[in-house]
Number of protein chains: 2
Amino acid sequence: MLHHAFGRFYQTAFAETGLTYAKYVMLKALVEKGKMSLSELSARLGVEPNTVSPLAKKMAGVGVIERVRDPEDERRIVLCPTEYGLAILKAADQTVTQNFADLEISAEDRSQAIALMSRLRSAVEQASPKRLELPEAPSAEGRDPPD
Amino acid sequence: MLHHAFGRFYQTAFAETGLTYAKYVMLKALVEKGKMSLSELSARLGVEPNTVSPLAKKMAGVGVIERVRDPEDERRIVLCPTEYGLAILKAADQTVTQNFADLEISAEDRSQAIALMSRLRSAVEQASPKRLELPEAPSAEGRDPPD
DNA sequence: ATTCGAAACTTCGTATACGAAATATTCTAG
DNA sequence: CTAGAATATTTCGTATACGAAGTTTCGAAT
């Protein structure tokens, strides 16, 4: 999976930081915007809040972000990069840029890939797939149970 | 994630079968080749055997494949689609074809996407990313532990 | 033949992600 | 002002994936 290949690629680069690819992306988005609520961040990244929630806790745990309830609205959790987080991200970005440069992927390929993926994604997300009608299932005669 | 968008797309189509996208792909590969050992299948799909192993068990559990030790070499597990599995796949493929047709993605886009992803993937997999040097970590003063 | 290494598979721990359901807080009708 | 809807986050269960470590089986070289 391309997905995991990228994960490994980044993982190698910043194993010691406690950051993973997903957390790196989160941190990057936070630094760009300064601070965001959990749901703002998840919307921006296009993942569900329940995915971001535990990651944000871990990131706060290692000190790259701060994580506090919004006094204006006690339902919200506000996420904000720390000094340390900024420093980490700066170093990480340098490494990533360097590593990508070594990668010999043209800028066109990169932007084409991104454009294509997002078109594919929105097409697939819009879709209302039809269900199939099931052929008759055989009995479980002597088979192991699923799981 | 495009990845998950596809997962949901297929999932909707064949929820009742106990198949998921990953299992559908496995079944499809198996039907194409007739039968394969676990490691042959995982190599073909480009995933690790330890990912395929539990999925194969579940698929055998619902009766879409057979899963037996190779008498020639007792280390090997041979996977082979059942009649039921063939029927399921046939129905699933029809639905998938239909759903894709509804999707309005041109054939060029599709093949371009595939080509691009595999180029990206092999570039990324070949790479030897450099590690970053870590800025000094702050103390854990009053923070929650990670996790 | 016995040992030693390689190969195939499984198990274990971890990391993303999701949907569904639970909880807490704020807002809104009446 | 209070009941109930809406919003924000968390928790829970499930599904892929991976790497590392363990088990069993096979093959090879002494």
* Asked: In whole Å, what is the span from the CD atom of A:E48 to the C1' atom of D:dT9?
  -> 13 Å
* Asked: Which residue, A:D70 or A:A22, contacts DNA chain C at a nucleotide closer to its 5' end, judged by nearest heavy atom?
  -> A:A22
* Assess whether atom CD of A:E83 is packed by more than 12 heavy atoms of other residues, nucleotides or ligands within 6.0 Å. => no
* Does OP1 or OP2 of D:dT10 have a side-chain N or O of A:R69 closer than 4.0 Å? -> no
* Of all the nucleotides listed (C:dT10, C:dT16, D:dG19), which has the minimum atom distance to the side chain of A:L55? -> C:dT16
* Structure fact -> Taken to the nearest whole Å, CD/B:E74 to P/D:dG27 is 12 Å
* B:N50 side-chain proximity, nearest of C:dT10, D:dT16, C:dC18 -> C:dT10
* Asked: Any donor-acceptor pair under 3.5 Å between the side chain of B:R75 and the base of D:dT24?
  -> no
* Asked: Rounded to the nearest Å, what distance is computed from the CD atom of residue B:E72 to the C1' atom of nucleotide D:dG27?
  -> 15 Å
* To do: Compare the minimum distances between each of C:dA17, C:dC9, D:dT10 and the side chain of B:S37, then state the nucleotide with the smallest one.
  => C:dC9
* Tell me which nucleotide among D:dC26, C:dT10, D:dC18 gets nearest to the side chain of B:D73. => D:dC26
* Asked: Charged N to carboxylate O under 4.0 angstrom, A:K90 versus A:D93?
  -> no
* Structure fact -> In whole angstroms, the gap separating C1' of D:dA17 from OH of B:Y21 amounts to 14 Å
* Structure fact -> Residues B:P81 and B:L27: closest non-hydrogen pair is CB-CD1, 4.2 Å
* To do: Would you kindly give the CG-to-C1' distance between A:L19 and C:dA15, to the nearest whole Å?
  => 14 Å
* Looking at C:dA17, C:dA15, D:dT9, which one has an atom nearest to any side-chain atom of A:K58? -> C:dA15
* Hey, is the side chain of A:K57 poking within less than 4.0 Å of OP1 or OP2 on D:dT11, counting only N and O atoms? -> yes
* Take the protein atom CG of B:L79 and the nucleotide atom P of C:dA8, then report the distance between them rounded to whole Å. => 14 Å
* Asked: Is any side-chain N or O of A:R76 closer than 4.0 Å to OP1 or OP2 of D:dT10?
  -> no
* Of the non-hydrogen atoms in B:L89 and B:K28, which two are nearest, and what is the gap between them? -> CD2-CA, 3.9 Å
* Determine yes or no for a side-chain-to-main-chain donor-acceptor pair under 3.5 angstrom, with A:T82 supplying the side chain and A:G63 the backbone. => yes
* To do: Mind calculating the distance between CZ (B:R67) and P (C:dA8) to the nearest angstrom?
  => 16 Å
* Would A:V78 end up clustered with A:I65 when hydrophobic side chains under 4.5 Å apart are linked, directly or stepwise? -> no
* To do: Find the distance B:L41:CG to C:dT10:P and express it as a whole number of Å.
  => 12 Å
* According to a strict under-4.0 Å criterion, is A:K23 in side-chain N/O contact with OP1 or OP2 of C:dA15? -> no
* Any A:S39 side-chain nitrogen or oxygen under 4.0 Å from OP1 or OP2 of D:dT9 -> yes
* Asked: Think A:T51 has a side-chain N or O under 4.0 angstrom from the OP1 or OP2 of C:dT16?
  -> no
* Asked: Within the pair A:T20 and C:dT16, is there a side-chain N or O less than 4.0 Å away from OP1 or OP2?
  -> yes
